[in-house]
Each structure stands twice: as C-alpha cells, then as structure tokens.
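See below for the structure under consideration.
Please read these numbers as outputs of a predicted model, since none were measured by experiment. Atoms within a ligand are numbered from 1 in the order they appear, just like the ligands themselves.
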Amino acid sequence: MTNLTASIAGFHFQDLLLNAAGVHCETTEELEALRKATGTGALITKSATPKPRPGNSGLRYQDLPLGSINSMGLPNQGLSYYLDYANHYHDQQKPLFLSIAGLTQADNLAMLADIQASEFTGLVELNLSCPNVPGKPQTGYDFEATRQILTKAFTFFTKPLGVKLPPYFDLAHFDQIAAILNAFPLAYVNSINSVGNGLMIDSKTDTVMIAPKGGFGGLGGAMVKATALANVHGLRQRLNPTIKVIGTGGVQSGRDVYDLILAGADLVAVGTSLHQEGPAVFQRLRSELIAEMDRKNYTEVDQFRNRLQTLN
Ligand SMILES: O=C1NC(=O)NC(C(=O)O)N1
C-alpha cells in the first residue's frame with residue numbers, strides 16, 4: 001500500500017493533492033464536490049475579499065494549447081460565506097484551507113482578525129499574488145509590503161497561516177523573499193500562483209483571448225511547469241524546514257505531481273487541469289503518481305520528496 005501522506009502545522013493529509021485556490025471552489029456545491037472527490041487530501045476556498053465581488057466582466061478565462069489564461073478579478077461570495085462553510089465543516093479526513101485576498105493591507109488584516117475571532121480550525125492562505133485586479137500590483141512582488149503585512153498579522157494571528165506567492169524569476173528574489181518569510185512562523189508557502197499578465201492571440205480573429213485588462217491575464221497549465229518547479233525547489237532550498245511547501249503549477253500527469261514532490265513540495269495543488277477535467281482529475285493523478293512510484297519501487301513519498309539531484 002503506497003503511502004501518500006503529508007503533514008502541515010499538525011494537520012495530517014492522507015492524500016497530497018488539492019485544488020489551487022480559485023478553481024472549482026467559489027460555491028459550497030463546488031467545495032463539497034472537491035471534499036467528496038477521490039484523491040483529494042484537502043480543499044481550499046476561492047480567495048475571499050471582505051464583501052462579495054462579481055470579478056472582472058467579459059470573457060475572463062480561456063483554455064490554451066499549453067494551459068490557460070485568466071483574468072477572473074477575484075469573483076467570490078465574500079469572507080462570511082466561506083467562514084460560514086468553514087464553521088460547519090466537520091470532515092476530519094480532509095483539512096480545509098481558507099484563502100483570502102484583500103485588495104488592501106487593511107482588508108487583509110481585517111479578514112485575518114475576523115478569522116482569528118471565529119471558530120475556524122483549519123489553515124489560512126494569504127493570497128499575496130492575484131495578478132488580475134486592475135490597478136492592483138501583486139503584493140508578493142513588493143518585498144517591503146510583504147514583510148509589513150506579515151509583521152502586523154503575526155501580532156495577533158495564531159492560527160496556521162500560509163502565503164500564496166507569485167512566481168519569481170531571479171535567484172536574488174528567491175533569496176530576498178525567503179529571508180523575509182523565514183522571519184515568521186509560517187505554516188507553509190504555496191508556490192506558484194499564475195504567471196501574471198501574459199498575453200495570447202486568437203489567430204482566427206487577430207484579437208486577444210480574454211476581455212479584461214486588454215487581454216493581459218494569468219498563465220497556468222503546462223506552459224508554467226518549469227517556473228513552478230524552479231520556484232518550489234528554489235524556495236525549498238532556502239526556507240526553514242518548519243515552513244512546508246505546497247507546489248502548484250503545470251500539473252497534468254502523475255509524473256508532474258512526482259516532479260513537484262522531487263523538487264520539494266509537501267502537497268501538490270491542481271488548477272488548470274481541474275478546470276479542464278473536473279474533480280475526477282484527482283483520481284487520475286493519484287493513480288498515475290502511484291504507478292510512477294511503483295516504477296521506482298517507492299512505497300512512501302518521503303523516499304523521494306526533495307531528493308532532486310543535480311548533475312556533477
Ligand atoms: O490569485 C489569483 N490568481 C489568478 O490567476 N486568478 C485569480 C483571479 O483573477 O481571481 N486570482
């Protein structure tokens with residue numbers, strides 16, 4: 001029997017797959033489908049803002065030959081909707097992650113205060129990386145703002161907290177963000193969010209593919225796998241061992257899950273492939289991962305987690 005377990009902040013996961021925040025998780029119906037899906041070890045809510053938001057207007061998601069592009073704009077039902085789901089959540093087998101993405105530091109701190117005061121007993125993911133709110137930069141690219149929000153948060157927040165990071169593309173940035181994060185008692189980092197502000201062209205119409213922001217949107221799927229692996233591995237190499245890593249980005253197969261684990265991931269989140277295949281994707285990915293492990297005669301994830309070898 002292959003052991004796919006992992007743990008973060010005292011939470012034990014019997015499977016290491018979950019959804020990427022934002023995908024198939026805006027409503028309680030979608031969340032319940034994830035909770036009941038075979039192969040998920042956890043689930044995470046759509047990033048919440050204090051009040052409900054319709055998100056960006058017009059065509060805001062497109063599948064692409066090598067993944068997807070989106071500019072959803074944080075459509076969500078508002079924090080209290082997800083806190084209500086969370087307060088009635090009793091599935092001991094699959095921990096619940098609650099994602100928040102305030103448009104200002106004050107919004108984020110207010111939401112964290114609400115969660116701190118609530119009965120919520122799961123994990124919280126502070127999304128510092130939504131690239132799709134017009135006029136709003138990704139906090140994760142502002143190192144001082146990131147340090148500031150975490151400093152203020154940890155003056156009062158005592159529940160398990162992780163951060164969702166944008167992809168970085170310079171090893172000096174891995175050094176800088178890891179030095180900041182290592183100063184805080186974070187439960188985990190989740191890397192990567194979509195590769196922000198890509199642009200794709202519809203060759204039939206010579207137009208962009210999505211409506212918001214002149215067609216600029218977050219990239220996901222196969223085309224971001226190399227960036228996801230680099231960020232997971234670069235952060236794993238630099239972060240305190242107490243800060244676990246959720247690897248997100250580019251997962252289409254069990255081998256892609258295996259690779260993120262090899263690069264250092266403790267859990268693996270699935271976005272574009274979940275959007276394209278629905279919750280059945282988790283059973284497929286799980287069985288493909290087990291098949292890959294069997295080929296290597298591995299029965300435990302610990303036998304290869306963070307064991308990526310260099311050439312020399
Ligand atoms: O953090 C996010 N990442 C994305 O790629 N899209 C969503 C969004 O636009 O709501 N948010």
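- Judged by distance alone, the side chains of Gln77 and Thr27 never bring a donor and an acceptor atom under 3.5 Å apart.
- Of the possible donor and acceptor atoms, one in the side chain of Lys159 sits under 3.5 Å from a partner among the backbone N and O of Ile115.
- Between the side chains of Ser253 and Asp256, a donor-acceptor pair is found at a separation under 3.5 Å.
- The contact shell of ligand 1, taken as protein residues with any non-hydrogen atom closer than 4.0 angstrom, comprises Lys46, Asn70, Met72, Gly73, Leu74, Pro75, Asn127, Cys130, Pro131, Asn132, Asn193, Ser194.
- Taking the six-membered ring for Trp and the full ring otherwise, the centers of Tyr85 and Tyr89 sit less than 6.0 Å from each other.
- The aromatic ring centroids of Tyr188 and Phe11 lie 6.0 Å or more from each other.
- Every residue two or more places apart in sequence or in another chain was checked for a salt bridge (Lys or Arg N to Asp or Glu O under 4.0 Å) with Lys213, and none qualifies.
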